[in-house]
Amino acid sequence: MKLTSERKVATIRYAEYSAAFKYLVEQGMDCRFILQPKMTQRTERIGEKYSPDMVCTPFKTILGSLVEALEAGADTIIMPNGICRLSYYGELLRKILLDEGYEFDFINLNDYTMGGKAMDFLKGLREVNPKVKSTHLLSAGMEAIKMVEYLDEITFEYYKGCGFDPTGGWQTAYKRFLAAMYRADSRAAIEKAYLGVKQDFDSISLVKPPHPLKVGIIGEFYTAVDSFSNREVEDKLSGMGVEVHRWMNMSHRLIHYPGEKNLNVQIREYCTYEMGPTSTANIWAAKHYAEQGFHGLVHIKSANCTPEIDIVPILQKISEQYKIPLLILTCDTQTSDVGLMTRLEAFYDMIEAKGRRLK
């Protein structure tokens, strides 16, 4: 990597998408990327300390994550766009961090795209390093998008199979793939990591029953996707021998989203109007999983997330109509592993009993 800027750039920590953010900053913007530590309870405590009381949980987590990025040496923060109130959080986050005495430059991409053209965010990114040509930045951006697609595809495959691998090889291959993505410095390296994990998965024999228990994960865009925020629900379920499916990810919701109108046609018996940034997609996914004969649904939302609260009655209706168990999990900074595991075990007993009846 040939640096043309001395900036040390960071952004929010979100699932494993930091690998793609890192690639974009280093290969497209020629800056040094600061990867803050993986989120812990300390992250939450920091965010909770400085956040308004009634703000949603992802705001607190993001704030704590940005503090840890500044502690790690970042001098520039890029705040990505959101598909909910996150789009409006940038200015509040900036003010809180400045009030706490941190010194940094803040690039809020929402300032460039609100009311403008979709590609205006490139102007914001070039503010970080004006020496970079737009063509160079755009090329790296397309490669970062491809990395996001690969991350989502492999993660989807991983949770379909990891609960049925007694050797641990499936998990080893997945971790090796993630590590390679964080190291990637070219499109060739991205492709090599992707093809390598595909070959690894193909070479591992799973001990999978003919009709495994299947659970569909639905929920709020940040909490349902980020394993730290949802206390590793997917890992806990797969550890019980469940095939876990989650449609919600960056590829589906941002890159290849079919659109509200297209999805509304398929769920018009449940809602007439768009209810929120992920509400339509979650109602559609719940119906889809139910129609496919899944054994259970898990709805994951953060505390104080209004759109996800609004769709709960609809999800309950789908659960009743299709006779599919529904577990609603509200995650906040006080969510404990013990309490969550108790609820998941009870839920597993329900879907396991349903699986026996269907055989």
Side-chain angles (χ1 to χ4, degrees), residues 9-18 21 34-72 74 76-102 104-114 121 124 219-233 248-250 253-254 275-279 282 299-312 328-336:
V9 181
T11 186
I12 66 174
R13 186 100 198 205
Y14 175 35
E16 299 297 346
Y17 297 125
S18 292
F21 297 151
I34 300 299
L35 179 63
Q36 62 269 67
K38 283 188 177 252
M39 292 186 289
T40 64
Q41 287 185 338
R42 178 182 185 269
T43 314
E44 290 183 324
R45 287 197 300 270
I46 294 172
E48 197 170 28
K49 178 180 179 182
Y50 300 126
S51 297
D53 287 341
M54 296 305 293
V55 76
C56 70
T57 307
F59 180 94
K60 300 173 185 178
T61 308
I62 288 170
L63 176 57
S65 176
L66 292 181
V67 167
E68 292 181 326
L70 293 170
E71 291 176 344
T76 303
I77 291 175
I78 298 178
M79 184 64 192
N81 297 54
I83 55 177
C84 60
R85 287 182 292 179
L86 179 62
S87 288
Y88 302 96
Y89 282 167
E91 183 59 25
L92 180 57
L93 287 164
R94 185 187 72 84
K95 189 174 187 309
I96 291 173
L97 292 170
L98 288 174
D99 287 346
E100 293 306 317
Y102 293 100
F104 57 93
D105 290 326
F106 194 82
I107 308 297
N108 187 356
L109 296 184
N110 192 62
D111 292 342
Y112 295 86
T113 57
M114 180 65 74
F121 75 92
E220 180 258 315
F221 185 64
Y222 189 92
T223 309
V225 176
D226 184 73
S227 61
F228 173 77
S229 298
N230 61 47
R231 300 297 187 265
E232 300 180 336
V233 166
M248 186 62 66
N249 56 39
M250 284 186 69
R253 184 57 188 84
L254 298 182
M275 298 175 63
T278 54
S279 301
N282 281 325
H299 180 229
I300 304 174
K301 61 184 177 65
S302 70
N304 300 318
C305 180
T306 305
E308 294 303 319
I309 294 172
D310 288 343
I311 70 169
V312 167
I328 298 174
L329 298 176
T330 301
C331 299
D332 60 24
T333 56
Q334 304 304 315
T335 301
S336 71

Search all heavy atoms of [X] against all heavy atoms of [Y] and return the closest pair with its distance.
X	Y	value
Asp226	Ala15	OD1-N, 2.7 Å
Pro307	Gly276	CB-CA, 4.1 Å
Cys331	Ser229	CB-O, 3.6 Å
Glu220	Asn282	N-ND2, 4.2 Å

Open item on the list: Under a 3.5 Å cutoff, is there a donor and acceptor pairing between the side chains of Glu308 and Thr278?
Closed with: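 Short answer, yes.
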Out of curiosity, [X] [atom1] to [Y] [atom2], how far, rounded to the nearest 0.5 Å?
X	Y	atom1	atom2	value
Ile300	Arg231	CD1	CZ	11.5 Å
Ile46	Met39	CD1	CE	12.0 Å
Lys60	Arg45	NZ	CZ	14.5 Å
Ile34	Ser18	CD1	OG	12.5 Å
Ile309	Met275	CD1	CE	11.5 Å

Would you check if [X] and [Y] make a side-chain contact, meaning some heavy-atom pair closer than 4.5 Å?
X	Y	result
Lys38	Phe228	no
Tyr89	Ile96	no
Tyr17	Val225	yes
Glu44	Asp332	no
Leu329	Asn230	no
Leu92	Pro52	yes
Pro277	Phe221	no
Thr57	Thr223	no

Task: Exam field: side chain Arg13 to backbone Gln36, donor-acceptor pair closer than 3.5 Å - done: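 Confirmed, Arg13 side chain pairs with Gln36 backbone.
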Open item on the list: Donor-acceptor pair, distance only, cut-off 3.5 Å: does the side chain of Ser65 make one with the backbone of Thr61?
Closed with: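 Not a single qualifying donor-acceptor pair exists.
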Open item on the list: Go through it in stages, so that I can follow the logic: the residues are Leu109 and Ile78, the test is side chain to side chain contact (heavy atoms under 4.5 Å, CB included), and I'd like the CA-CA distance, side-chain angles, deciding distance and then a yes or no.
Closed with: CA-CA 7 Å; Leu109 296 184; Ile78 298 178; 4.0 Å; yes
- [ ] Apply the test side chain to side chain contact (heavy atoms under 4.5 Å, CB included) to residues Glu71 and Tyr102: give CA-CA distance (whole Å), side-chain angles for both, the deciding distance (0.1 Å), then the verdict.
- [x] CA-CA 9 Å; Glu71 291 176 344; Tyr102 293 100; 4.2 Å; yes
Task: Sequence neighbours excluded, every pair satisfying ring pair (Phe, Tyr, Trp, His ring centres under 6.0 Å) that has a member inside residues 34-54 - done: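 As it turns out, there is no ring pair (Phe, Tyr, Trp, His ring centres under 6.0 Å) pair with a partner in residues 34-54 once direct neighbours are skipped.
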Open item on the list: Any salt bridge linking Glu91 with Arg94? Criterion: basic side-chain nitrogen under 4.0 Å from a carboxylate oxygen.
Closed with: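 Salt bridge: yes.
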Open item on the list: Using side chain to side chain contact (heavy atoms under 4.5 Å, CB included), reason through Met79 and Ile12 one step at a time and then give a plain yes or no.
Closed with: CA-CA 7 Å; Met79 184 64 192; Ile12 66 174; 4.1 Å; yes
Open item on the list: With side chain to side chain contact (heavy atoms under 4.5 Å, CB included) as the criterion, how do Ile62 and Tyr222 come out once you've worked through the C-alpha distance, each side chain's angles and the decisive distance to 0.1 Å?
Closed with: CA-CA 10 Å; Ile62 288 170; Tyr222 189 92; 4.1 Å; yes
Task: Positive for side chain to side chain contact (heavy atoms under 4.5 Å, CB included) with Ile77, one of Ile107, Asn108, Leu70 - done: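 In the set Ile107, Asn108, Leu70, the residue that makes a side chain to side chain contact (heavy atoms under 4.5 Å, CB included) with Ile77 is Leu70.
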